[in-house]
Enquirer: 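Have a look at this one before I ask anything.
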Amino acid sequence: MILVTRRLPKPAIQLLRSHAPLCYHNSSRSLSRRELLRKIRRARGVVCLLTDRMDRQVIAAAEHLKIIANVAVGYDNIDVPYARSRGIIVTNTPGVLTDAVADLTWALILAVARRVVESDRFTRRGRFKGWDMELMLGTELKGKVLGLIGFGRIGQAVAQRAVGFGMSIQYYQRHPVEHSGRPVPLEDLLRTSDFVSIHLPLTPETHHLLDRKRLALLKRTAFLINTSRGPIVDEKALATALEHHRLAGAGLDVFEREPRIEPSLKKMDRLVLLPHIGSATVETRTAMAVKACESVLAFLRGETPPNLVDGTGGGRGVTGLL
Ligand code: NAD
């Protein structure tokens, strides 16, 4: 039996259903911890989401489990080393969400630079009394420096879009890549970028990578964008830095303790906050779910599924990291 922990787009579930008996949690709500522990006991495979914490206890409860197919490219919700030690393979869904997340990153860059959300609120409240030379002045993008922390699929797709805006690119990245952008040490990137955007996986190394000290390096005029994973930024330290105007603003799609958000962040106008919708287009969510189900089907056919995760780019499955 294959456990599907939450409602999936129809094409994905139809694909899986025609090939395997399912235990399908056809709901927009996550399984509770207790439900997950109970349902996974008989499963040979599981199609899960980043809201399912597949830690040691859950994996140990799954005596027959052979494959965990995560409907996400990040897999910090899964204890990959432990799964592998039990002979369980783990797959993710890279590639199909790259453009959607890069687009949303740009939606945030433009929104914070041009005060789009703040202006919308202002207009709706009836405060627009006519054109004004100084009304809602923002920041020009042309000629500015975009610093990308993490320069894999999504980071590079964000850089590609920056060409049209006339920005120059610098990036910080673990492995060198062939690109016209400038590779720089992290501290230099933070000191010299006008927009800093994070595109790293969440791992023990990247947890709180942007802590109080590193956030203090940002220019006072800089904007921070995060569409990767919340715990990469120390959210309390970010709130304090914003309160003291040590940076100009932020666009956040992800938070340290989702769905909870540091209360002071919600009060500041210079922020745009989104409910983790980086990959949320109909096309992309369908493609992600189909990709995860195809991995399970490949496994059931006795093949090695595509998109195996080796645990080096994420996956500590640590309680409290999600
Ligand atoms: P990727 O693997 O292609 O790119 C990540 C890059 O980070 C890699 O090039 C890797 O070398 C680099 N890296 C890893 N650890 C590093 C470290 N400690 N220091 C420096 N560089 C390091 O992944 P991707 O497809 O670009 O996705 C990036 C992340 O975006 C995912 O892991 C996921 O957490 C996040 N994401 C978020 C959403 C969302 O809904 N907001 C959607 C998709 C992906």
Side-chain angles (χ1 to χ4, degrees), residues 49-51 70-78 80 90-109 147-161 169-179 181 183-190 196-211 214 224-233 250-256 258-259 261 272-289 291-292 306-318 321-322:
L49 288 103
L50 54 85
T51 42
N70 210 32
V71 187
V73 64
Y75 44 89
D76 43 279
N77 56 313
I78 304 170
V80 178
V90 179
T91 65
N92 66 346
T93 63
V96 288
L97 40 66
T98 301
D99 289 315
V101 183
D103 289 350
L104 192 87
T105 303
W106 272 96
L108 283 172
I109 293 173
L148 298 163
I149 304 181
F151 206 55
R153 286 172 293 253
I154 298 171
Q156 291 184 41
V158 171
Q160 194 181 38
R161 286 153 174 76
I169 298 295
Q170 55 185 9
Y171 63 87
Y172 165 73
Q173 148 86 3
R174 188 166 51 182
H175 306 295
V177 289
E178 281 284 313
H179 196 275
V184 286
L186 179 58
E187 277 70 19
D188 290 358
L189 182 146
L190 294 169
V196 171
S197 189
I198 308 173
H199 303 287
L200 291 169
L202 173 60
T203 67
E205 294 78 45
T206 64
H207 182 256
H208 278 196
L209 186 76
L210 292 202
D211 57 6
R214 291 208 173 102
L224 179 69
I225 310 293
N226 190 6
T227 57
S228 59
R229 286 288 184 268
I232 295 173
V233 180
L252 306 175
D253 183 43
V254 288
F255 303 91
E256 198 169 344
E258 292 178 14
I261 299 175
V272 176
L273 309 177
L274 302 179
H276 202 150
I277 54 168
S279 63
T281 68
V282 173
E283 296 87 342
T284 290
R285 286 282 164 85
T286 304
M288 288 164 69
K291 202 168 181 118
N307 310 310
L308 285 184
V309 155
D310 67 4
T312 56
R316 197 166 60 156
V318 183
L321 275 196
L322 246 190

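Ligands are counted one by one from 1 in listed order, and the atoms in each one are counted from 1 as well.
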Enquirer: Regarding T227 and T105, do their side chains bring together a donor and an acceptor under 3.5 Å, going by distance alone?
Expert: yes
Enquirer: List the residues meeting ring-ring contact (aromatic ring centres under 6.0 Å, His included) with Y172, not counting sequence neighbours, and say none if there are none.
Expert: none
Enquirer: A side-chain contact here means heavy atoms from C-beta on lying under 4.5 Å apart; do V101 and V158 qualify?
Expert: no
Enquirer: Going by distance only, is there an N or O of H175 that falls short of 3.5 Å from an N or O of ligand 1?
Expert: no
Enquirer: Nearest heavy atom to atom 7 (O) of ligand 1: which of G155, P204, P201 does it belong to?
Expert: P201
Enquirer: Could you tell me whether L200 approaches ligand 1 through its side chain, its backbone, both or neither, with non-hydrogen atoms closer than 4.0 Å?
Expert: both
Enquirer: Mark up the atoms of ligand 1 that fall under 4.0 Å of a heavy atom belonging to T227, in ascending order.
Expert: 36 (N), 37 (C), 38 (C), 39 (C), 41 (N)
Enquirer: Any idea which atoms of ligand 1 are less than 4.0 Å away from a heavy-atom of D253?
Expert: 39 (C), 40 (O), 41 (N)
Enquirer: Is the closest N or O pair between D76 and ligand 1 shorter than 3.5 Å?
Expert: no
Enquirer: Give a yes/no on ligand 1: does S228 have at least one heavy atom closer than 4.0 angstrom to it?
Expert: yes
Enquirer: Going by atom types alone, do E256 and H208 pair a side-chain donor with an acceptor below 3.5 Å?
Expert: yes
Enquirer: How does V101 reach ligand 1, if at all, at less than 4.0 Å between non-hydrogen atoms: by side chain, backbone, both, or neither?
Expert: side chain
Enquirer: Output, in order, the C-alpha distance, side-chain angles, deciding distance and verdict of side-chain hydrogen bond (donor to acceptor under 3.5 Å, both in side chains) for E258 and H276.
Expert: CA-CA 9 Å; E258 292 178 14; H276 202 150; 2.8 Å; yes
Enquirer: Can you tell me which portion of H199 lies within the under-4.0 Å heavy-atom range of ligand 1? Options are side chain, backbone, both, or neither.
Expert: backbone
Enquirer: Is there a side-chain contact between D76 and T203, using heavy atoms and a 4.5 Å cut-off?
Expert: no
Enquirer: Hey, does T281 have a side-chain heavy atom less than 4.5 Å from the side chain of D99?
Expert: no
Enquirer: With heavy-atom distances below 4.0 Å as the criterion, list the atoms of ligand 1 near S279.
Expert: 40 (O)
Enquirer: So is there a nitrogen or oxygen of E205 less than 3.5 Å from a nitrogen or oxygen in ligand 1?
Expert: no
Enquirer: If you measure every N or O of T98 against every N or O of ligand 1, does any of those distances drop under 3.5 Å?
Expert: no
Enquirer: Looking only at non-hydrogen atoms, which of Q156, Q173, H207, R153 approaches atom 10 (C) of ligand 1 most closely?
Expert: Q173
Enquirer: Heavy atom of Y172 under 4.0 Å from ligand 1?
Expert: yes
Enquirer: List ligand 1 atoms under 4.0 Å from H276, heavy atoms only on the residue side.
Expert: 39 (C), 40 (O), 41 (N)
Enquirer: Please verify the inter-ring angle class for Y171 with F151; under 30° counts as parallel, over 60° as perpendicular, anything in between as tilted.
Expert: parallel
Enquirer: Enter the distance from L49:CG to M288:CE here, rounded to the nearest 0.5 Å.
Expert: 7.5 Å
Enquirer: Quick one: CG on L50 to OG on S279, what's the gap to the nearest 0.5 Å?
Expert: 8.0 Å
